[in-house]
2 protein chains.
Amino acid sequence: MRAESVPEPTLRRLPSYYHYLVRLREKGQEMISAAQIGEDLGVHHTQVRKDLAFTGSQGRPKVGHHVADLVASIETFLNWNNATDAFLVGAGHLGTALLGYAGFERAGVKIVAAFDTRPSIIGKKIRGVSVLPLEKLPDLARRMHISIGILTVPAEAAQDVADLMIASGIQAIWNFAPTVPDVPNGVIVENVALYSSLGVLSHKLAVHRRAALAASSGPKPA
Amino acid sequence: MRAESVPEPTLRRLPSYYHYLVRLREKGQEMISAAQIGEDLGVHHTQVRKDLAFTGSQGRPKVGHHVADLVASIETFLNWNNATDAFLVGAGHLGTALLGYAGFERAGVKIVAAFDTRPSIIGKKIRGVSVLPLEKLPDLARRMHISIGILTVPAEAAQDVADLMIASGIQAIWNFAPTVPDVPNGVIVENVALYSSLGVLSHKLAVHRRAALAASSGPKPA
DNA sequence: AATATATCAGGAACTCTGTCTCGATAAAAA
DNA sequence: TTTTTATCGAGACAGAGTTCCTGATATATT
Ligand SMILES: NC(=O)c1ccc[n+]([C@@H]2O[C@H](COP(=O)([O-])OP(=O)(O)OC[C@H]3O[C@@H](n4cnc5c(N)ncnc54)[C@H](O)[C@@H]3O)[C@@H](O)[C@H]2O)c1
Ligand SMILES: NC(=O)c1ccc[n+]([C@@H]2O[C@H](COP(=O)([O-])OP(=O)(O)OC[C@H]3O[C@@H](n4cnc5c(N)ncnc54)[C@H](O)[C@@H]3O)[C@@H](O)[C@H]2O)c1
């Protein structure tokens, strides 16, 4: 019960620290301060400390944190040290990009099979992963104890596929379709909603331009 | 100055409403209540009302909001009614998926050209968009007044490409690389950080399993 | 050995976001 | 026409999440 009380923003920032720290480690740097992490990643330094505290890692005054320890702490905390097997449904454009992307395996997810309904790709391998007919999903998911499903089908098919995944014992869905699937209590859904960052981008850009325009055509006094 | 005070969570939810409403409109539904939107999208109904209020749309008691009006209000508010031209750099796996994805054009962004350094794809067309050598970006970006850059290159190259984009007059960067580019003040950056949702997913799944395990091996009394 | 400094850690204060409550209003029903 | 009901909108409240502040501590400097 206690462990669930980790702020979601913290869970979203940790992967970002993780990547940063891995690159640092590759460069041979041994120690790092929270202040430096914060500056490079655009996060307040006290925030960085609080986030890292959740992973159980301790820093030392004057020298900071041990990079390798931090990496290990985050891995353990997020359960990224032994990747969980996942199925991907919808081996289209986006699905193909995700299949075989090395980054995910490091982030706790290993795509072991893909499923689709399109006859022309069934039986083929995409970036080393076999594409199987959707009908085989329920049986295989149960036998292989798959708990993560990645959803990259068109919006119209998303709900049906989500239902099928859940009926097959899948507990967590990583959804890339622009709809929110309706799932029973207890099933975890992470909606990626790529276009939602376009909401922020477009609006900020519009405001930015409006401000630039206002500034050029005579700034208003306070 | 006033218009900038829109909560970012609101900006992230609006696209989700938008997609939902467009589908509703296609099905022929004319009116919709905030309560219904909230239920279908997993957002509190008062939250939906507050978000929609930012767009300027007004609802009517007992009947709700006019679907078509809402769609138009959100489009206008997010500046999605006339798509802004964008350049994409890094026509690899992810870049290819993004190129030619119809959804973005509706979301205010039109990819008009792609750039890469890989000779084997330069000069080709990917899903209707030409891939050009990176060297041509600065000149073209200036001449075409491009303000949005989409970054889909490996992490190592991200900073250099971001610098080049900014030097070429690009004001907003949609970054898919797992690093946070360092940009001068005034430049807008939206980091997608796909793996960050894996932080949430992995951790929730781990907690979920721990809870299930604890429940099966004897629940603790309060 | 004493002092200075960089950094950490934990609690307090503040800000932002989301939820709850209430009165108003338009349509439908009696 | 009056009453009922579904819905809206605005303000009050509550809960997170972030930033600020203070004190502690390990290393470096004098
Ligand atoms: N391509 C992008 O850049 C992008 C960006 C954001 C979101 N998305 C979303 O991701 C999803 C996939 O996009 P895409 O561009 O890869 O589309 P796509 O058409 O290229 O691929 C969809 C795949 O799903 C398969 N499919 C369709 N119905 C299915 C079903 N019932 N069961 C199993 N497989 C089925 C199709 O055969 C196809 O292979 C869509 O929901 C889209 O909105 C895509
Ligand atoms: N593929 C995915 O599913 C996925 C998921 C999350 C994040 N990402 C991130 O997106 C980025 C791209 O991933 P990808 O899988 O498409 O990689 P990729 O290797 O398939 O594509 C990268 C492309 O960028 C080009 N490139 C390299 N250096 C360049 C430079 N300096 N200028 C211009 N172009 C350059 C390459 O030629 C290649 O075409 C990476 O940062 C990756 O971490 C990818």
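Any value given below was found using the heavy atoms of this structure, including those in side chains, with hydrogens, waters and symmetry copies removed. Source: prediction; values computed, not measured. Residue numbers start from 1 in every chain, and the chains themselves are labelled A, B, ... in the order their sequence lines are given, proteins ahead of strands.
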## Note on the structure
Rounded to whole Å, CE of M31(B) lies from P of dT7(D) at a distance of 11 Å
### Task
Check the pair K110(B), D85(B) against salt bridge (Lys or Arg N to Asp or Glu O under 4.0 Å), reporting the backbone distance first and the verdict last.
CA-CA 5 Å; K110(B) 185 182 179 186; D85(B) 286 352; 5.4 Å; no
### Query
Is the number of heavy atoms from other residues, nucleotides or ligands under 6.0 Å of E8(A) CD greater than 12?
yes
### Message
Looking at R49(A), I'd like to know whether one of its side-chain N or O atoms comes within less than 4.0 Å of OP1 or OP2 on dA9(C).
### Response
no
### Message
Tell me if the centroids of the rings in H93(A) and Y101(B) come within less than 6.0 Å of each other.
### Response
no
### Distance in angstrom units between R13(A) CZ and dG17(D) C1', rounded
8 Å
### Message
Quick check against the 3.5 Å criterion: does T10(A) have a side-chain atom that pairs as donor or acceptor with the backbone of V6(A)?
### Response
no
### Message
Rounded to whole Å, please give me the gap between CD in E8(A) and P in dA16(D).
### Response
13 Å
### Query
Whole-Å distance between dA16(D) C1' and L11(A) CG?
14 Å
#### Entry: Nucleotide nearest P7(B) when distance is taken to its side chain, options dT25(D), dT17(C), dA9(C)
dT17(C)
### Task
Measure from the side chain of Q58(A), starting at C-beta and using heavy atoms only, and say which of dT25(C), dA26(D), dA9(C) lies closest.
dA9(C)
### Query
Tell me, which of residues 185-198 of chain B have any heavy atom that sits under 4.0 Å from an atom in DNA chain C?
none
### Query
Any donor and acceptor pair, going by atom type alone, linking the side chain of Y195(A) with main-chain N or O of P15(B) inside 3.5 Å?
no
### Message
Could you check whether the side chain of K50(A) and the base of dT19(D) have a donor-acceptor pair of N or O atoms closer than 3.5 Å, going by distance alone?
### Response
yes
### Pair of N/O donor and acceptor under 3.5 Å linking dT25(D) base with K62(A) side chain
no
### Query
Between N175(A) and A177(A), is there a donor-acceptor pair closer than 3.5 Å when you use the side chain of the first and the backbone of the second?
yes
### S57(A) side chain to H65(A) backbone, donor-acceptor under 3.5 Å
no
### Query
Would you call the rings of F87(A) and F115(A) parallel, tilted or perpendicular, where under 30° means parallel and over 60° means perpendicular?
tilted
### Task
Find which nucleotide of DNA chain D each of T10(A) and V63(A) is nearest to by heavy atoms, and output the residue with the more 5' nucleotide.
T10(A)
### Task
Please check if the side chain of Q159(B) supplies one atom and the backbone of D182(B) the other of a donor-acceptor pair under 3.5 Å.
yes
### Nucleotide dA26(C), atom P - distance to NE2 of H66(B) in whole Å
18 Å
### Spacing of H65(B) atom NE2 relative to dA27(C) atom C1', expressed in whole Å
16 Å
### Query
Between Y20(A) and Y17(A), does the ring centroid distance fall short of 6.0 Å?
no
### Task
Return no unless some side-chain N or O of R60(B) is found under 4.0 Å from OP1 or OP2 of dA27(C).
yes
### Task
With a 4.0 Å heavy-atom cut-off, tell me which residues in residues 33-48 of chain B come close to DNA chain C, sorted by residue number.
H44(B), T46(B), Q47(B)
### Task
Write down the distance between CZ (F54(A)) and C1' (dA9(C)), rounded to a whole number of angstrom.
13 Å
### Query
Between dT7(D) atom P and L70(B) atom CG, what is the distance in whole Å?
14 Å
